[in-house]
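Numbered from 1 within each chain, the chains take letters A, B, ... in sequence-line order.
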2 protein chains.
Amino acid sequence: MRHTTITDLAKKLGISASTVSRALSDHPDINDNTKKRVRKLAKEFNYKPNPIAQSLKNNRTTIIGVIVPEIQHDFFASAISGIEEVAYHAGYTIIVCQSNENFEREVINTNALIQQRVAGIVASISQNTNNSDHFKSVIERGIPLVFFDRACEDVSASKVIIDDSKSAFNAVTYLIGIGYKKIAHFAGPKVLEICKRRLAGYSEALNKAHIRISKELICYGGLHETDGYNSMDSLIKKNIIPDAIFAVNDPVAIGAFQRIKEAGLKIPDDIGIVGFSNNKITTLVDPTITTIDQPSFEMGKKAAEILVGLIENKNKSAKPKTVTLETKLIIRGST
Amino acid sequence: MRHTTITDLAKKLGISASTVSRALSDHPDINDNTKKRVRKLAKEFNYKPNPIAQSLKNNRTTIIGVIVPEIQHDFFASAISGIEEVAYHAGYTIIVCQSNENFEREVINTNALIQQRVAGIVASISQNTNNSDHFKSVIERGIPLVFFDRACEDVSASKVIIDDSKSAFNAVTYLIGIGYKKIAHFAGPKVLEICKRRLAGYSEALNKAHIRISKELICYGGLHETDGYNSMDSLIKKNIIPDAIFAVNDPVAIGAFQRIKEAGLKIPDDIGIVGFSNNKITTLVDPTITTIDQPSFEMGKKAAEILVGLIENKNKSAKPKTVTLETKLIIRGST
DNA sequence: ATTTTTCCTGCAAACGTTTGCGATTACGTT
DNA sequence: AACGTAATCGCAAACGTTTGCAGGAAAAAT
């Protein structure tokens, strides 16, 4: 079955394609009666303009590009869902790309989206992104760009983030408040800004409480379960046993959690644990894990809303804005 | 910055656009020397053909549409990731839509993808889909379609599935084998084929072991945690305590798991639990949950591979094939 | 009756690419 | 010398839409 085109309608009505086009877009030049006839036939044949042809004219599609490190990751899956939700209601579809935390692939994806003439891009950068030329060329091309969670600091674009530093500060301050003294931090990749800030919040909390920061209690690693597991493992092997752990995110917390259980230590009595993100999993383990609620779905939604705004107000070259969403310390059984 | 077009190159070289086009596609009509000049300039200006213009000619994009019930669901997030992986390497991008288990939205998404002239569609249907006209019109339009996991039975399309019935049969048979006798089934929506088949496998296993099937041990519900929780809750309130539960999927198993713990019953001693899908979560709770490994990532990959095959071999109108991937019972602490 | 105005509609170009066909040139064959 | 044949290349159309401009007809004004 072929798609009905504007020319098909024109032929059937004995008028020109341009008149049909104008009638459908309610152009004042067109006679009301003609408009009615056109609309009736269009409905009858379920005519929908070919978006490709429109895109060719506008040199722009109605597709929003989304780049995330990993689709599978709870946080991103949820954020994508939020983006899709907003895009759907605004009449856009979303193309989803994953960088797999790989810089080259992020560049390739970005360029592919530019080539595809997406209307805008929502992105969260990979942990290995140390150069932002690809995002700068997005800006240069006049394509609206919004970061969420992990932003590129040296790119002038809007972002939806949380206050990582403050959130971390609050969590660690809470740990100190309930009596923990030897608090370790399982940090993420040093290059990732959000990780730096979480580390900074951790340090600040210790400083404020006049607790000396011990380098051996700060373990750097990745963002996955195995990283938390390994960090805990190496501490145990070095016989350094903290009385609490502030993990850079929930998977890392879970990894540490498992290794602690294997070691026969009790949570929260021997070791307290705080995660970050409020992944579903933290409510399902025993004990449940104290964590910081990071509104992933809302972050996706908000980022998409800003992007749609930028796309549809091309004229108002608004300055990039930064939206900081609230987090919340959720106290559970692990502390 | 503007995109370089084929006409830009033609002008700079003083030749026609058609020659440039042919040179770039290595057409035999074109002089080798010309080809070299063209290729050199194309590289220099980083020329990439405008996919929109190409799409307009072909009346087809290089985008693969993906429709899933929920992006956030572990199984689907993982499958999408697999689809993206294959698509990426084959030079396609993916548009992801979620139906939110809503039939109307699935129809709208499907039509939107048709309008967008996607090259093909990978879909897993919503639990409320009782009509397949929208998928039939995909076929009619000649757009390749592959289902995964949840297929539309009355649509002639390829599918990537698992043997739900056999998997369920094996799991329940295993439960019987290790001594469980009063085995409940927390079933999914009656309309969903995969749920029917899992139920059938459950029944068959009981029959084979000459265990009477008790209607009150079969609880119908949705596919989420709360459904498992509620099913268990109602059993407890009716004072019907099974000695094992076979859940339609892992979230449901987890829900039951929680209610059981709340009731102070011991797993696996008082009640054994078997889930379905091998979601990550099943390895993280205590005790870990016995489940059936369903290769989500591979299912996505396989579906995408079949789809790409169909797209690129338009001529060979191959008959739809059904690929059944192997599942595996993973025995853990809950049984 | 002529001019002006209003109202409606169509022509044609443009977006960037691909491709059938015809045109041109050079070369070898009779 | 006359012709056929490759080897190269360009013209123009096509994909479906939008839009500036021109044009025609009818209505209104002179």
Q. For the residue pair Pro69(B) and Ser126(B), what are the closest heavy atoms and their distance?
A. CG-CA, 4.4 Å
Q) Regarding Ser296(B) and Ser78(B), is there a side-chain donor-to-acceptor distance under 3.5 Å anywhere? A) yes
**Q.** Side-chain heavy-atom pair Leu113(A), Val138(A) within 4.5 angstrom cut-off
**A.** no
Q.
Can you pull out the residues from residues 33-57 of chain A that lie within a 4.0 Å heavy-atom distance of DNA chain C?
A. Thr34(A), Leu56(A), Lys57(A)
Q | Residues which pass side chain to side chain contact (heavy atoms under 4.5 Å, CB included) with Thr93(B), listed by chain and number, not counting sequence neighbours | A | Ile95(A), Gln116(A), Ile63(B)
(Q) One thing to verify: whether Glu70(A) and Arg150(A) come together as a salt bridge, which I'm taking to mean a side-chain N less than 4.0 angstrom from a carboxylate O. (A) no
Q) Taking CG from Asp29(A) and P from dC21(D), how many angstroms apart are they, rounded to a whole number? A) 13 Å
Q | DNA chain D: 5'-proximal contact among Ile15(B) and Asn59(B) (nearest heavy atom) | A | Ile15(B)
Q: Provide the start and end nucleotides, 5' to 3', of the part of DNA chain C that has atoms under 4.0 Å from heavy atoms of chain A.
A: dC8(C) to dG16(C)
Q: Quickly work out the Ile6(A) CD1 to dT19(D) C1' distance and round it to whole Å.
A: 12 Å
Q | Option from Lys48(A), Glu44(A), Lys43(A) for which side-chain hydrogen bond (donor to acceptor under 3.5 Å, both in side chains) with Asn46(A) holds | A | Lys48(A)
Q | Of Ser25(A) and His3(A), the one whose closest DNA chain D nucleotide lies more 5' | A | His3(A)
Q.
Strictly below 4.0 Å, N to O, side chains only: are Glu84(B) and Arg105(A) in salt-bridge contact?
A. yes
Q. Contact class for Asn31(A) (heavy atom, under 4.0 Å): base, sugar-phosphate, or nothing?
A. sugar-phosphate
Q. Pick the nucleotide of DNA chain C nearest each of Pro28(A) and Ser18(A); which residue has the one closer to the 5' end?
A. Pro28(A)
Q) Do the side chains of Asp8(B) and Lys12(B) get nearer than 4.5 Å, heavy atoms only? A) no
